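The figures here come from the full heavy-atom set of this structure, side chains too, leaving out hydrogens, waters and symmetry mates. Note that this is a predicted model, so its numbers are computed, not measured.
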Amino acid sequence: AQHRKTSQQLRNDLEKEKQDFVKSVEELGRSLLDKLDKGVGKTYENQRRLEAEAKNLEGKAVTFANEINQWTTLYSSFNDALKELGDVKNWAQGIEADLNSINTSLTQVVNKARSPSGKGAPEKNSAT
């Protein structure tokens, strides 16, 4: 009877230890899952933020590219205008050189006509 009582007590203790062990493993599993869930949640939140930032950055990059294209177009127009001004300057210098040449030629003709050895006497203009 004593052996049976001791044996039953050992079985009861063993069953209680088994239940405590199972309970501890379940608590450990829940704790690990909670930590894992928190980690997954945090990772998901970080991924969501990164995607939002990437989208924002992409929008800014597109805006920046458009601004660069506008500046490039503006620069090209300005550069063309400067080239045209250079062409006008060259044209004006050519005209000035031609007018100086004509002035020199006319001055020589007038001087030659006024000189005593000139072939013809200058005509007097009645208006002067």
Side-chain angles (χ1 to χ4, degrees):
Q2 180 67 26
H3 175 65
R4 230 179 246 209
K5 192 176 181 185
T6 307
S7 226
Q8 185 63 36
Q9 183 65 36
L10 283 175
R11 270 190 236 124
N12 288 344
D13 288 346
L14 185 60
E15 185 61 31
K16 185 174 182 333
E17 290 293 323
K18 182 180 171 185
Q19 288 175 357
D20 288 346
F21 177 75
V22 168
K23 195 183 229 183
S24 294
V25 168
E26 286 175 352
E27 286 177 11
L28 176 64
R30 271 193 298 270
S31 175
L32 289 174
L33 282 176
D34 285 347
K35 286 186 179 187
L36 182 64
D37 284 347
K38 286 179 185 177
V40 168
K42 188 170 186 155
T43 300
Y44 175 75
E45 181 64 29
N46 287 342
Q47 181 181 359
R48 213 180 79 211
R49 272 195 241 138
L50 283 173
E51 287 172 354
E53 285 296 321
K55 196 172 193 178
N56 185 21
L57 184 60
E58 181 181 3
K60 287 182 179 182
V62 167
T63 300
F64 184 65
N66 289 338
E67 288 177 359
I68 287 175
N69 285 337
Q70 289 174 351
W71 277 105
T72 302
T73 301
L74 187 62
Y75 170 78
S76 180
S77 298
F78 181 69
N79 196 34
D80 290 345
L82 283 178
K83 285 179 184 176
E84 288 177 15
L85 284 177
D87 291 344
V88 168
K89 181 181 176 186
N90 288 336
W91 173 81
Q93 287 173 342
I95 294 294
E96 183 181 13
D98 290 346
L99 290 174
N100 284 335
S101 175
I102 291 170
N103 185 41
T104 302
S105 297
L106 288 175
T107 302
Q108 289 174 354
V109 167
V110 168
N111 287 339
K112 194 170 192 179
R114 286 185 180 166
S115 70
S117 65
K119 292 186 178 178
E123 295 181 16
K124 289 194 174 183
N125 193 347
S126 59
T128 54

Quiz item: Do Q8 and N12 have side-chain atoms, one donor and one acceptor, less than 3.5 Å apart?
Solution: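 Indeed, the side chains of Q8 and N12 share at least one donor-acceptor pair under 3.5 Å.
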Exercise. Report yes or no: does T73 contribute a side-chain atom to a donor-acceptor pair with the main-chain N or O of N69 at less than 3.5 Å?
Key: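 Yes.
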Quiz item: Counting distance only, does the side-chain N/O of T43 pair as donor-acceptor with the main-chain N or O of G39 below 3.5 Å?
Solution: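 Yes: the side chain of T43 pairs with the backbone of G39.
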Practice problem: Inspect the surroundings of CD in E58 and state if more than 12 heavy atoms from other residues, nucleotides or ligands are less than 6.0 Å away. | Solution: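 Atom CD in E58 is not packed in, count stays at 12 or less.
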Quiz item: Listed by chain and number, what are the salt bridge (charged side-chain N to carboxylate O under 4.0 Å, His left out) partners of K16, not counting sequence neighbours?
Solution: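 Here the qualifying residues are D20.
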Self-check item: Pairing residues for D98 by the salt bridge (charged side-chain N to carboxylate O under 4.0 Å, His left out) criterion, not counting sequence neighbours
Solution: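 Checked D98 against salt bridge (charged side-chain N to carboxylate O under 4.0 Å, His left out); zero matches.
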Quiz item: With a 4.5 Å limit on heavy-atom distance, are the side chains of N103 and L99 in contact?
Solution: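 No - every pair of side-chain heavy atoms lies 4.5 Å or more apart.
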Quiz item: Would you say the side chain of Q108 lies within less than 4.5 Å of the side chain of T104, judging by non-hydrogen atoms?
Solution: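 The answer is yes; the side chains approach within 4.5 Å.
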Quiz item: Passes side-chain hydrogen bond (donor to acceptor under 3.5 Å, both in side chains), Q70 versus N66? Steps please.
Solution: CA-CA 6 Å; Q70 289 174 351; N66 289 338; over 6 Å; no
Only distances under 3.5 Å count here; give the side-chain donor-acceptor pairs of residues 46-57 to other protein atoms, sequence neighbours excluded, each with its distance to 0.1 Å.
unit_1, atom_1, unit_2, atom_2, d
N46, ND2, K42, O, 3.4
Q47, NE2, E51, OE2, 3.3
R48, NH1, E45, OE1, 3.2

Below 3.5 Å, can you tabulate the donor-acceptor pairs from side chains in residues 82-96 to any protein atom, sequence neighbours excluded?
unit_1, atom_1, unit_2, atom_2, d
N90, ND2, G86, O, 3.4

Quiz item: Hey, what else clusters with L28 if you join Ile, Leu, Val, Met, Phe, Trp, Tyr whenever side-chain heavy atoms sit under 4.5 Å?
Solution: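 Traced through the cluster, L28 reaches L32.
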Practice problem: Working to the nearest 0.5 Å, report the span between CG of L74 and CD of E67. | Solution: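 Between atom CG of L74 and atom CD of E67 there are 12.5 Å.
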Quiz item: Taking atom CZ of R4 and atom OG of S7, what is their separation to the nearest 0.5 Å?
Solution: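 Nearest 0.5 Å value for the CZ-OG distance: 9.5 Å.
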Practice problem: Mind checking side chain to side chain donor-acceptor pair (under 3.5 Å) for R30 and listing every partner two or more places apart, or none if nothing turns up? | Solution: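 Residues passing side chain to side chain donor-acceptor pair (under 3.5 Å) with R30: none at all.
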